[in-house]
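As structure tokens, the structure follows; a few thoughts come after it.
As the structure is a prediction and not an experimental result, all values here were calculated from the model.
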Amino acid sequence: MGLTQPKDTARLSRLPPPPALSDAPLAPGLYLVATPIGNLRDITLRALDVLAACDVLLAEDTRVTGKLLSAYGIRTKLERHDEHVAERSIPGILERLASGERVALVSDAGPPMVSDPGYRLAREAIAAGHDVIPIPGASAALAALTLAGLPTDRFLFAGFPPPKSAARRTFFEEFANTRATLIF
């Protein structure tokens with residue numbers, strides 16, 4: 001049964017609002033916020049709190065993130081942060097962090113830092129002594145792992161195979177003797 005049925009909607013409207021993240025304002029730092037991987041409702045309440053309270057939101061694709069913000073009525077200042085602008089934008093972001101701003105970083109889907117340039121910003125922020133705070137949520141790799149029915153006691157996310165067949169073959173050969181569930 002979907003939430004679009006009147007009975008479910010009426011029941012949900014009687015529920016109390018979720019508890020606030022805390023009474024304290026959002027602390028300065030870099031927040032790495034996981035976003036939904038397919039369904040906009042797959043976002044955490046804490047992620048919504050951070051996205052609404054941060055001073056600036058850095059997004060891999062502002063159009064994709066804009067849809068998420070619009071769906072939840074969040075009007076935080078949105079700026080592009082992708083592989084094309086990361087190198088030149090990081091110094092300004094570090095200045096914002098040094099001045100006590102709260103900066104959030106998101107990717108198009110799932111946690112930032114997986115297949116996007118967020119790791120460079122996080123590395124630089126840590127080196128400069130700024131707080132870096134993960135806000136966990138949806139993860140495509142973990143969703144696939146739970147769905148696969150494979151052992152989960154030991155697993156490895158091995159990244160993205162190269163597009164060319166010879167390089168891809170070499171890439172996969174590196175993992176031939178790995179005793180774990182592999183996620184590519």
Side-chain angles (χ1 to χ4, degrees), residues 1-3 8 12 15 18-22 24 26-27 29-54 57-61 64-65 67-68 71-72 81-83 86 90 97 102-184:
M1 296 215 173
L3 293 178
D8 290 340
L12 288 175
L15 295 175
L21 179 61
S22 105
L26 191 64
L30 175 63
Y31 291 82
L32 307 174
V33 183
T35 57
I37 57 174
N39 184 320
L40 288 180
R41 293 183 62 86
D42 287 341
I43 190 160
T44 68
L45 297 174
R46 184 173 177 215
L48 291 172
D49 288 342
V50 170
L51 295 178
C54 65
L57 176 54
L58 307 174
E60 185 177 10
D61 185 331
V64 171
T65 302
K67 291 175 187 174
L68 173 67
Y72 288 99
H81 185 78
D82 60 21
E83 68 274 2
I90 288 175
L97 291 169
R102 295 126 350 142
V103 178
L105 174 68
V106 299
S107 69
D108 289 349
M113 312 270 295
V114 178
S115 185
D116 74 25
Y119 78 91
R120 290 186 215 126
L121 175 57
R123 181 182 61 208
E124 295 292 329
I126 291 167
H130 301 297
D131 289 337
V132 177
I133 305 101
I135 307 299
S139 165
L142 292 178
L145 179 65
T146 59
L147 177 65
L150 296 170
T152 58
D153 59 328
R154 185 185 307 178
F155 60 91
L156 170 66
F157 172 68
F160 299 86
K164 304 226 181 216
S165 62
R168 190 170 47 246
R169 188 174 302 111
T170 301
F171 175 84
F172 285 131
E173 286 172 357
E174 292 178 31
F175 301 101
N177 294 318
T178 303
R179 297 185 54 81
T181 299
L182 302 175
I183 304 168
F184 298 98

Determine whether a donor-acceptor pair (N or O, by modelled atom type, separation under 3.5 Å) exists between the side chain of [X] and the backbone of [Y].
X: Thr35; Y: Ser107; answer: yes
X: Thr181; Y: Pro151; answer: yes
X: Asp108; Y: Asp61; answer: yes

Minimum heavy-atom distance between [X] and [Y], given as atom pair plus value:
X: Arg154; Y: Arg179; value: CD-O, 3.1 Å
X: Ala34; Y: Gly137; value: CB-N, 3.4 Å
X: Phe184; Y: Phe157; value: C-CE1, 4.5 Å
X: Leu51; Y: Cys54; value: O-SG, 3.5 Å
X: Thr65; Y: Ala59; value: OG1-CB, 3.3 Å

Do Leu26 and Val50 come close enough that some side-chain heavy atom pair is under 4.5 Å?
yes

Within this structure, what is the [atom1]-[atom2] distance for the pair [X] and [Y], rounded to the nearest 0.5 Å?
X: Tyr72; Y: Leu45; atom1: OH; atom2: CG; value: 8.5 Å
X: Ile90; Y: His81; atom1: CD1; atom2: NE2; value: 5.0 Å
X: Asp49; Y: Thr44; atom1: CG; atom2: OG1; value: 8.0 Å
X: Leu97; Y: Leu30; atom1: CG; atom2: CG; value: 6.0 Å
X: Thr170; Y: Arg168; atom1: OG1; atom2: CZ; value: 11.0 Å

Apply side-chain contact (heavy atoms from CB on, under 4.5 Å) to residues Arg46 and Ile135 and explain how you reach the verdict.
CA-CA 7 Å; Arg46 184 173 177 215; Ile135 307 299; 3.3 Å; yes

Quick one: do Leu142 and Phe155 satisfy side-chain contact (heavy atoms from CB on, under 4.5 Å)? Show the steps, please.
CA-CA 10 Å; Leu142 292 178; Phe155 60 91; 3.7 Å; yes

Taking Pro112 as the fixed residue, which of Leu121, Leu32, Val33 is the one that meets the side-chain contact (heavy atoms from CB on, under 4.5 Å) rule?
Leu32

Apply side-chain contact (heavy atoms from CB on, under 4.5 Å) to the pair Leu40 and Leu68, showing each step before the final yes or no.
CA-CA 7 Å; Leu40 288 180; Leu68 173 67; 3.7 Å; yes

Residue list, side-chain hydrogen bond (donor to acceptor under 3.5 Å, both in side chains) with Asp42, at least two apart or on another chain:
none

